[in-house]
Amino acid sequence: MKDLKHLYYFEKLLEDADNELVRKGKDEGLKCIATTCENVPEPLINLPGTFSVRLRAPRSSSLEMGTYYMTSFLCEYSRALLERAIEGGFEFTDCIICPDGCSMINRCVENMELLKTMSGKDFFYEYMEIPMKADDNGLFLYKIQCENHILKPLKEKFGIDVSDQAIREAVKQHNRICELIREIGEYRKEEKPRITGYEYHILTMATYVAPKHLLIEKLEETLEEVKNRIPDDKAFRARVVLVGSEVDDVDVVKLIEDSGAYVCADRFCYGSFPGRDVIELNDDEDALTQLCRQYMNRGQCPRYMNQAKMVGRRAYVAALAKEYKADGIIYEQMKFCDPWAYERMMGTAILRDDYHYPVLSVDRPYSVGTSGQLRTRVQAFVESIEIKKIQGGK
């Protein structure tokens, strides 16, 4: 297929946390609000006068300092973030809002604070408690946490407008990004897709790490380009849904597709499901309550441990696989990621036994690079799917 006009631009954008659009946002006088987890409602950190970035450490190599402070038994994502912070790589941020999605990330951000890795005099850290059950009590907790650890400090420290109207404006901008990403993603359903999983991953990731208003024009142009794109005649050998923990390494999806499997849908942190769901607001209830309820109810994070949520996570993946006509599922988890380790084990067995999908279960490093082991496993998985098709699905 003909190269997408802006793909190289987006790829370059993802090479650095302090990217070109982050610098443009700062030049406009906007405050950069950093977070580490999908459990922070994005519109609340994209209010007028602010923009959000999900922290990542692209092109990581040595993790010596991060490992010194956090040991080698914690996930590489948390160690990579601390390493980058110690190097001064997150100086562009104005604050960090960290939810307790997992204890490892909390420990990472606490170390950033103790080591005084951010030099700004007005810089502050906030730690949120996220509910473990999606019910009325959970919603009450979630809303209070957002008020106390997002809205209140943004107003007091930076003078940000946190009114109901401001939240609705932020939701409107957020929804435009979601609409564009999802519409582009619809072309993954085609028998001969007009966009690769790698290209889609690049576009989606960019929406998490740069001011959203600076992305809209290029995403609109890309959507029109994809609509008129002529797909390749050569089809992938298998279609897979990629499911699991945090994936911000662009090489993960590229390696899978180079091994013959087309990533037709995604359910991972930094992905489009459910992270790019449109938020529906009515005028009968305040925007904050509606926003928190939708984030809580749609959340697929293994932090939610009530039975309905656990069963729902596997049903959600199976529904994605059916909708996007997947032949199999790749369930990945970053090594030493405790929440997703249990979820991957259960999800792999249930999706295989109850939903009858072939499942490849892997743990991986933060930066995959050209991992020969992972490539070999994906290639073998693709071959097993092909053999199953030849044998009539048995």
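FYI, the numbering just counts along the sequence from 1. Because the structure is a prediction, the values reported are computed rather than measured.
Within the 4.5 Å cutoff, side-chain heavy atoms of Ile279 are placed close to those of Arg298. At least one side-chain heavy atom of Met128 sits under 4.5 Å from a side-chain heavy atom of Ile150. The shortest distance between side-chain heavy atoms of Thr117 and Glu91 does not fall below 4.5 Å. Between Ile385 and Arg237 there is no side-chain heavy-atom pair separated by less than 4.5 Å. Between Cys98 and Tyr125, every side-chain heavy-atom pair lies at or beyond the 4.5 Å cut-off. No side-chain heavy atom of Pro365 sits less than 4.5 Å from a side-chain heavy atom of Lys335. Glu257 has its side chain within reach of Phe236: a pair of non-hydrogen atoms, C-beta onward, lies under 4.5 Å apart. Side-chain contact between Pro131 and Asn137 is absent, with no heavy-atom pair separated by less than 4.5 Å.
Aromatic ring centroids of Phe158 and Phe124 lie under 6.0 Å apart.
Residue pairs meeting the side chain to side chain donor-acceptor pair (under 3.5 Å) criterion with at least one member in residues 97-111, sequence neighbours excluded: Asp100-Arg303. Among residue pairs with one or both ends in residues 27-39, those qualifying as side chain to side chain donor-acceptor pair (under 3.5 Å) are Glu28-His213; sequence neighbours excluded. For residues 111-139, there are no salt bridge (Lys or Arg N to Asp or Glu O under 4.0 Å) pairs, not counting sequence neighbours. Every pair passing salt bridge (Lys or Arg N to Asp or Glu O under 4.0 Å) that includes a residue from residues 160-171 is listed here, sequence neighbours excluded: Asp164-Arg168, Arg168-Asp283.
A salt bridge does not link Lys388 with Asp327: every distance from a Lys NZ or Arg NE/NH1/NH2 to an Asp or Glu carboxylate oxygen is 4.0 Å or more. Ion pairing of Lys218 with Glu221 is absent here, as no side-chain N (NZ or NE/NH1/NH2) approaches a carboxylate O to less than 4.0 Å. Between Lys2 and Glu225 no salt bridge is recorded (no basic side-chain N to carboxylate O distance below 4.0 Å). In summary, Lys5 and Glu224 do not engage in a salt bridge, as defined by a charged side-chain N under 4.0 Å from a carboxylate O.
In this structure a side-chain-to-backbone donor-acceptor pair under 3.5 Å is present from Lys309 to Gly299. Between the side chain of Tyr208 and the backbone N or O of Gly271 there is at least one donor-acceptor pair closer than 3.5 Å.
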Can you give me every donor-acceptor pair (side chain of residues 7-19, partner residue at least two apart or in another chain, under 3.5 Å) with its distance?
residue	atom	partner	partner atom	Å
Glu11	OE2	Tyr198	OH	2.6
Lys12	NZ	Glu15	OE1	3.1
Asp16	OD1	Arg59	NH2	2.7
Asp16	OD2	Arg59	NH2	3.2
Asn19	OD1	Leu21	N	3.1
Asn19	OD1	Val22	N	2.9
Asn19	ND2	Val209	O	3.1

Using a 3.5 Å cut-off and no angle test, enumerate the donor-acceptor pairs between side-chain atoms of residues 75-83 and protein atoms at least two apart in sequence or in another chain.
residue	atom	partner	partner atom	Å
Glu76	OE1	Tyr366	N	3.0
Tyr77	OH	Leu55	O	2.7
Ser78	OG	Cys75	O	2.8
Arg79	NE	Leu74	O	2.9
Arg79	NH1	Thr67	OG1	3.0
Arg79	NH2	Leu74	O	3.1
Glu83	OE1	Glu64	N	3.3
Glu83	OE1	Met65	N	2.8
Glu83	OE1	Gly66	N	2.7

Side chains of residues 41-54: which donor-acceptor pairs under 3.5 Å do they make with residues two or more places apart or in other chains?
residue	atom	partner	partner atom	Å
Glu42	OE1	Arg276	NH1	2.6
Glu42	OE1	Arg276	NH2	3.2
Glu42	OE2	Lys212	NZ	2.7
Glu42	OE2	Arg276	NH2	3.3
Asn46	OD1	Ser52	N	3.1
Asn46	ND2	Glu42	O	2.9
Asn46	ND2	Ser52	OG	2.9
Thr50	OG1	Ile45	O	3.3
Thr50	OG1	Leu47	N	2.9
Thr50	OG1	Leu47	O	2.9

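Just one of Glu190, Glu191, Arg239 meets the side chain to side chain contact (heavy atoms under 4.5 Å, CB included) condition when paired with Lys325; it is Arg239. Under the salt bridge (charged side-chain N to carboxylate O under 4.0 Å, His left out) rule, Glu199 has a single partner from Arg229, Lys254, Arg194, Arg188, which is Arg229.
Every residue meeting the side-chain contact (heavy atoms from CB on, under 4.5 Å) condition with Met310, not counting sequence neighbours, appears here in chain and number order: Gln307, Arg313, Arg314. Looking at residues two or more places apart in sequence or on another chain, you find a side-chain contact (heavy atoms from CB on, under 4.5 Å) between Ser361 and Arg344, Thr348. Residues passing the side-chain hydrogen bond (donor to acceptor under 3.5 Å, both in side chains) test with Tyr200 are Ser272, sequence neighbours excluded. Annotation: side-chain contact (heavy atoms from CB on, under 4.5 Å) contacts of Lys152 (sequence neighbours excluded): Glu156. Here Lys172 pairs with nothing under the side-chain contact (heavy atoms from CB on, under 4.5 Å) rule; sequence neighbours left out.
To the nearest 0.5 Å, the span separating CZ on Phe381 from CD on Glu386 amounts to 11.5 Å. Atom CE of Met296 and atom OH of Tyr304 lie 6.5 Å apart (nearest 0.5 Å). A distance of 5.0 Å separates CZ in Arg377 from CG in Leu360, rounded to the nearest 0.5 Å. The distance from the OG1 atom of Thr204 to the CG atom of Asp248 is 13.0 Å, given to the nearest 0.5 Å.
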**OP:** Applying side chain to side chain contact (heavy atoms under 4.5 Å, CB included), run through Tyr331 and Val362 and close with a yes or a no.
**Re:** CA-CA 6 Å; Tyr331 221 125; Val362 297; over 6 Å; no
**OP:** Before giving the answer on side chain to side chain contact (heavy atoms under 4.5 Å, CB included), spell out for Val162 and Ile167 the whole-Å C-alpha distance, their side-chain angles and the decisive distance to 0.1 Å.
**Re:** CA-CA 7 Å; Val162 298; Ile167 294 173; 5.8 Å; no
Original post:
Step by step, would you call Glu220 with Arg176 a side chain to side chain contact (heavy atoms under 4.5 Å, CB included)?
Top reply: CA-CA 10 Å; Glu220 288 175 337; Arg176 181 56 185 152; 3.1 Å; yes
**OP:** Under the side chain to side chain contact (heavy atoms under 4.5 Å, CB included) rule, what do Cys37 and Ile105 come out as? Steps first, then yes or no, please.
**Re:** CA-CA 9 Å; Cys37 179; Ile105 290 298; 5.9 Å; no
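Considering every non-hydrogen atom in both Ile195 and Tyr187, the closest pair reads CG2-CB, 4.3 Å. Scanning both residues, Lys26 and Cys32, for their nearest heavy atoms gives CD-CB, 4.1 Å.
Taking the six-membered ring for Trp and thresholds of 30 and 60 degrees, Phe273 and Tyr316 have ring planes more than 60 degrees apart, a perpendicular arrangement. Relative ring orientation between Phe336 and Phe73 is described as perpendicular, the plane-to-plane angle rising above 60° on a 0-90° scale split at 30° and 60°. Using cut-offs of 30° and 60° for the angle between ring planes, the Tyr295 and His174 rings count as tilted.
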